[in-house]
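Below: the structure, in structure tokens.
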Number of protein chains: 2
Amino acid sequence: MALESFGTKGFDSVSLDDLAADLGITKQAILYHWSSKRALLDAVIDRAALELIIEFDGALSEDGSGWSRVESIVRRIFRVAMRRPELLGFIREISRIGGDASLRVTADLEPFVSRATTYFEREMDEGRIRRCDSGLLLVSAYSTVLGAATEVEVLRAVGIEPTLRSTVVRRRELLSFLHAAMVAPQALNAQAPR
Amino acid sequence: MALESFGTKGFDSVSLDDLAADLGITKQAILYHWSSKRALLDAVIDRAALELIIEFDGALSEDGSGWSRVESIVRRIFRVAMRRPELLGFIREISRIGGDASLRVTADLEPFVSRATTYFEREMDEGRIRRCDSGLLLVSAYSTVLGAATEVEVLRAVGIEPTLRSTVVRRRELLSFLHAAMVAPQALNAQAPR
DNA sequence: CGATTCACTTACCAAGTGGTAAGTTTTTGT
DNA sequence: ACAAAAACTTACCACTTGGTAAGTGAATCG
């Protein structure tokens with residue numbers, strides 16, 4: 001699948017010949033279905049965005065509120081990062097390519113982003129999440145989770161081998177990190193920063 | 001400079017001819033100094049790691065303790081992300097390339113990582129930072145800051161244009177996020193980010 | 001049945017790719 | 001001053017790139 005190659009090796013590093021060879025067909029068979037490599041990228045973007053939304057959007061509709069739902073999303077992201085690392089890698093690759101590709105993935109994911117920020121806003125209104133800019137909170141949480149889930153090399157640099165067991169530990173630590181960062185302090189005298 | 005191109009466009013997307021044209025020389029002038037494109041990459045890795053260490057390592061030696069020093073590092077990362085985005089982008093690119101390149105940057109940055117985790121451990125011992133795995137804390141903080149500083153497309157997706165003013169806001173929000181995540185509850189009384 | 005459309009493949013192509021070989025200018029050491 | 005080494009350039013080369021043109025066998029349709 002093109003998504004896997006683009007996500008792990010990068011768009012420019014994967015030739016149509018490579019892709020075709022993996023699929024056991026010829027490059028021209030690909031160019032028959034998509035008019036150019038760039039058109040193929042657009043199709044892959046749409047597909048990746050769809051899969052991401054399917055993975056995560058459900059968590060926003062789940063029962064439970066406040067922290068428990070955030071926890072649910074984080075667990076899903078970790079699951080995706082473990083089972084489909086190329087999906088998250090692909091989104092990052094698109095960000096780097098920039099231009100039209102970024103606009104496309106942004107547009108594709110807009111409904112999900114919109115739902116997530118709306119959800120955060122409501123939780124803040126009800127005092128279950130520390131008040132702050134919901135968009136920035138989403139970015140912080142996103143990049144924190146994505147980092148812990150995908151920055152394999154960085155993890156290795158701090159002496160953490162990406163084994164299954166360490167992933168469980170990592171997820172627990174991260175949830176604790178996020179919990180501390182996001183959840184509004186209950187104690188009356190404990191003042192939130194800022 | 002090769003670092004800039006590799007960091008923004010990706011290693012495979014930048015040809016030696018492109019690089020040479022930017023520098024106003026010929027491709028073979030590059031291949032005279034480095035035996036291959038790959039050898040050039042190694043040199044750029046070493047240089048990038050050196051510059052990163054110069055930028056950040058000083059913050060670990062600064063006066064102040066606990067949160068104030070973390071804040072100092074975050075401010076430095078933001079400064080680098082604003083002024084030299086290609087540097088952080090390059091590190092991410094190396095992670096994606098993987099293999100020997102990753103090992104090299106890991107080895108280059110090891111002294112800094114070592115100092116940072118040691119610092120965290122001490123702060124935890126003295127109760128100024130919430131106790132947790134220091135390596136994972138570093139990764140979480142690293143990816144959170146790097147995300148807020150560099151994930152321009154993601155920020156755009158949540159409706160944040162990367163202007164100078166928004167960066168200041170973003171940094172303040174992020175410091176607040178990190179403060180909540182890292183600082184031990186007991187230490188909340190005295191120091192909160194402005 | 002025959003024609004047409006579909007889903008390819010084979011055969012190319014011009015423009016690049018990293019890299020080599022050999023020649024040329026510039027700097028350096030004595 | 002002059003040779004030698006350094007720092008290039010020009011000229012190539014084999015190979016890969018995305019993309020085009022034309023042909024081919026199988027399915028579909030009237």
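A, B, ... follow the sequence lines: proteins, then strands. Residue 1 opens every chain.
Remark: P of C:dG18 and CG of B:Leu41 are 12 Å apart, rounded to the nearest angstrom. Per the geometry, CG belonging to A:Leu23 stands 15 Å off C1' belonging to C:dT9, to the nearest Å.
Grouped with A:Leu50 in one hydrophobic cluster are A:Ile54, the linkage being side-chain heavy-atom contacts under 4.5 Å among Ile, Leu, Val, Met, Phe, Trp and Tyr residues.
Residues meeting the salt bridge (charged side-chain N to carboxylate O under 4.0 Å, His left out) test with B:Glu126, sequence neighbours left out: B:Arg128. Checked against salt bridge (charged side-chain N to carboxylate O under 4.0 Å, His left out), A:Arg122 has no partners two or more places apart in sequence or in another chain.
Within the structure, side-chain hydrogen bond (donor to acceptor under 3.5 Å, both in side chains) contacts touching residues 172-183 of chain A (residues at least two apart or in different chains) are A:Ser176-B:Arg130.
Applying the 4.0 Å criterion to OP1 and OP2 of C:dC8, one finds that A:His33 has a side-chain N or O inside that range. When the side-chain nitrogen and oxygen atoms of B:Tyr32 are compared with OP1 and OP2 of D:dA7, one or more of them lie within a distance under 4.0 Å.
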Per-pair distances, 0.1 Å, donor-acceptor, side chain in residues 19-29 of chain B, under 3.5 Å, sequence neighbours excluded:
unit_1: B:Lys27; atom_1: NZ; unit_2: B:Asp17; atom_2: OD2; d: 3.4

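By the 30° and 60° cut-offs, the orientation of the rings of A:Phe177 relative to B:Phe177 is perpendicular.
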Along nucleotides 17-22 of chain D, 5' to 3', which nucleotides get a B, which get an S, and which get a -, given that the test is a protein heavy-atom distance under 4.0 Å? SBBBB-
